[in-house]
Amino acid sequence: MNTLGKQIEYRWLETDSKFYQTALKLRYALFFEEPGLPWEVLFDTDEGNSLHLAAICDGELLAYGRLTKRSNSAMQISQMVVSPKHQRKGLGEAILSRLVIHAKEHETKSIILSARLHAMPLYEKLGFNIVGEVYLSEKTGIEHIKMELTLKRAE
């Protein structure tokens with residue numbers, strides 16, 4: 001649940017929107033700037049083939065998540081980010097929940113992701129399970145762990 005006390009709009013972004021550009025800047029600042037990676041690291045092979053979901057309030061992008069189809073039955077969530085001044089207000093959970101709902105609506109059987117260790121409780125709260133061991137990201141050198149959510153079909 002969001003604790004901002006304001007109406008938040010959740011919107012799928014087109015890559016030519018100003019909010020998408022803001023999401024790119026936020027992702028770069030929080031994930032790739034400190035290890036000194038180039039801006040181009042944002043444009044991996046999934047970027048153009050993914051759905052981009054944002055939480056927006058009063059014209060400001062607060063949070064973002066990316067959803068990529070891996071097969072007819074699997075999707076991947078990546079690049080989950082919340083603006084530092086809006087963290088711990090339920091926005092990450094709200095974005096994650098909406099990405100999971102979208103995947104369910106498209107008959108996805110499983111969702112995978114690579115979680116930073118500090119984010120594991122959020123993913124576990126929504127039913128994701130650890131699959132594998134802690135590993136270092138090839139891009140950033142930061143510890144991650146693979147997690148998966150198996151989805152049940154609605155009867």
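- With sequence neighbours left out, the side chain to side chain contact (heavy atoms under 4.5 Å, CB included) criterion links R11 to E9, L13, F19, I56.
- Under the side chain to side chain donor-acceptor pair (under 3.5 Å) criterion, K18 pairs with no residue at all, not counting sequence neighbours.
- In this structure R98 satisfies the salt bridge (Lys or Arg N to Asp or Glu O under 4.0 Å) test with no other residue, sequence neighbours excluded.
- Partners of S71 by side chain to side chain contact (heavy atoms under 4.5 Å, CB included), not counting sequence neighbours, listed by chain and number: S73, A74.
- Applying the salt bridge (Lys or Arg N to Asp or Glu O under 4.0 Å) test to D16 and every residue at least two apart in sequence or in another chain returns nothing.
- Through side-chain heavy atoms spaced under 4.5 Å, either directly or across other Ile, Leu, Val, Met, Phe, Trp or Tyr residues, V131 is tied to no other residue.
- Clustering of Ile, Leu, Val, Met, Phe, Trp and Tyr side chains at separations under 4.5 Å leaves Y135 isolated, with no partner residue.
- Residues meeting the salt bridge (Lys or Arg N to Asp or Glu O under 4.0 Å) test with K125, sequence neighbours left out: E93.
- Residue I112 belongs to no hydrophobic cluster, having no ILVMFWY side-chain heavy atom closer than 4.5 Å to its own.
- In terms of the side chain to side chain contact (heavy atoms under 4.5 Å, CB included) criterion, residue partners of Q79 (sequence neighbours excluded) are, by chain and number, R27, F31, F32, Y64, R66.
- For the side chain to side chain contact (heavy atoms under 4.5 Å, CB included) with E47, the lone residue among T15, L24, L42 that qualifies is L24.
- Contacts of A103 classified as side chain to side chain contact (heavy atoms under 4.5 Å, CB included), with partners at least two apart in sequence or in another chain: M75, T108, I111, L151.
- Remark: H106 engages H102 in a ring-ring contact (aromatic ring centres under 6.0 Å, His included) (not counting sequence neighbours).
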